Undergrad: 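What follows is a structure written as structure tokens; I'll ask about it next.
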Amino acid sequence: TVIAGQLAMIEARGSRLREIAGLMVKDHSAALTQLQTVAWGASIALPAAIGPDEVYRAKIASVRDQKGATFDRAYHAEQMHALQDAAVLLQSYAETGSDAALRSWATRTLKMVLQHLQLLTAMTADSTSTR
């Protein structure tokens with residue numbers, strides 16, 4: 001989400017979409033920093049570089065190739081899916097994870113992800129109502 005958000009802050013045509021992308025970059029960067037701190041405190045080793053997997057990199061690449069309103073629609077759709085996937089994973093760990101500190105992080109981060117989903121969903125509702 002951070003890499004795609006940075007791209008959207010540059011490429012998105014819609015100012016509201018750029019604004020939401022900037023918020024997601026800020027919030028998800030902070031969440032990753034918090035995750036690293038919590039994992040370190042729990043003596044859990046994280047990968048040296050936390051970033052998108054192969055599938056997500058391919059999705060970012062397909063969005064990157066779009067321009068104008070097509071970019072905005074592609075980015076919006078990709079982020080809706082990415083955030084929905086993240087929400088499922090975070091909800092699962094918040095409920096069943098083995099480490100209390102990481103469960104707490106997952107619960108806090110889930111709230112943030114759901115807020116971002118609400119913002120993007122509201123954009124969809126706004127654009128539908130203005131047609």
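Keep in mind that the numbers below use all heavy atoms, side chains included, and drop hydrogens, waters and symmetry copies. Predicted model, so just to flag it, every value in this text is computed and none were measured.
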Undergrad: Show me the side-chain donor-acceptor pairs of residues 22-33 shorter than 3.5 Å, one per line, residues at least two apart or across chains.
TA:
residue	atom	partner	partner atom	Å
Asp27	OD2	His116	NE2	2.8
His28	NE2	His116	ND1	3.0
Ser29	OG	Val25	O	2.7
Thr33	OG1	Ser29	O	3.1

Undergrad: Would you indicate whether the side-chain heavy atoms of Leu102 and Leu35 approach each other to under 4.5 Å?
TA: yes
Undergrad: Quick check: is Ile44 connected to Trp105 through a chain of hydrophobic side chains (ILVMFWY, heavy atoms under 4.5 Å apart)?
TA: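 They do share one cluster, since a chain of ILVMFWY contacts under 4.5 Å joins Trp105 to Ile44.
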Undergrad: If you measure from CE on Met80 to CD on Gln84, what distance do you get to the nearest 0.5 Å?
TA: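 Atom-to-atom, Met80:CE and Gln84:CD are 5.0 Å apart.
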Undergrad: Show the nearest heavy-atom pair for residues Asp72 and Ala12, with the distance to one decimal.
TA: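 Smallest heavy-atom distance, with atoms named: OD1-CA, 3.1 Å.
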Undergrad: Rounded to the nearest 0.5 Å, what separates atom CG in Leu83 from atom CG in Leu90?
TA: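 Result: 10.0 Å between the selected atoms.
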Undergrad: Under the criterion side chain to side chain contact (heavy atoms under 4.5 Å, CB included), which of Arg64, Gln79, Glu78 is the partner of Lys59?
TA: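 Among Arg64, Gln79, Glu78, the one meeting side chain to side chain contact (heavy atoms under 4.5 Å, CB included) with Lys59 is Glu78.
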Undergrad: If you compare all heavy atoms of Tyr75 against all heavy atoms of Ala4, which two are closest, and at what distance to 0.1 Å?
TA: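 Tyr75 and Ala4 have their closest heavy atoms at CE1-O, 3.4 Å.
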Undergrad: Can you tell me how far the CG atom of Leu17 sits from the CD atom of Glu11, to the nearest 0.5 Å?
TA: 12.0 Å
Undergrad: Count I, L, V, M, F, W, Y as connected when their side-chain heavy atoms are under 4.5 Å apart, and connections chain through other members. Are Val88 and Tyr93 then in the same cluster?
TA: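 Different clusters: Val88 never reaches Tyr93 through Ile, Leu, Val, Met, Phe, Trp or Tyr contacts under 4.5 Å.
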Undergrad: Nearest heavy-atom pair of Gly5 and Ala21: which atoms, and what distance?
TA: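 The pair with the smallest heavy-atom distance is O-CB, 3.7 Å.
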Undergrad: Can you measure from CE (Met112) to CD (Gln115) and round to the nearest 0.5 angstrom?
TA: 8.5 Å
Undergrad: Do Leu110 and Leu114 have side chains that approach each other closer than 4.5 Å (heavy atoms only, starting at C-beta)?
TA: yes
Undergrad: Between CD1 of Ile20 and CE of Met9, what distance do you get to the nearest 0.5 Å?
TA: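 So the CD1 of Ile20 and the CE of Met9 are separated by 12.5 Å.
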Undergrad: Measuring from Leu119:CG to Glu19:CD, what's the distance to the nearest 0.5 Å?
TA: 8.5 Å
Undergrad: Do Trp40 and Val38 sit in the same hydrophobic cluster, where Ile, Leu, Val, Met, Phe, Trp and Tyr count as joined when their side-chain heavy atoms come under 4.5 Å apart?
TA: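 The answer is no; the residues belong to distinct hydrophobic clusters.
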Undergrad: For a 4.5 angstrom cut-off between non-hydrogen side-chain atoms, does Arg103 reach Glu95?
TA: no
Undergrad: Can you check whether Phe71 reaches Arg13 side chain to side chain, under 4.5 Å on heavy atoms?
TA: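 Counting from C-beta outward, Phe71 and Arg13 never come under 4.5 Å.
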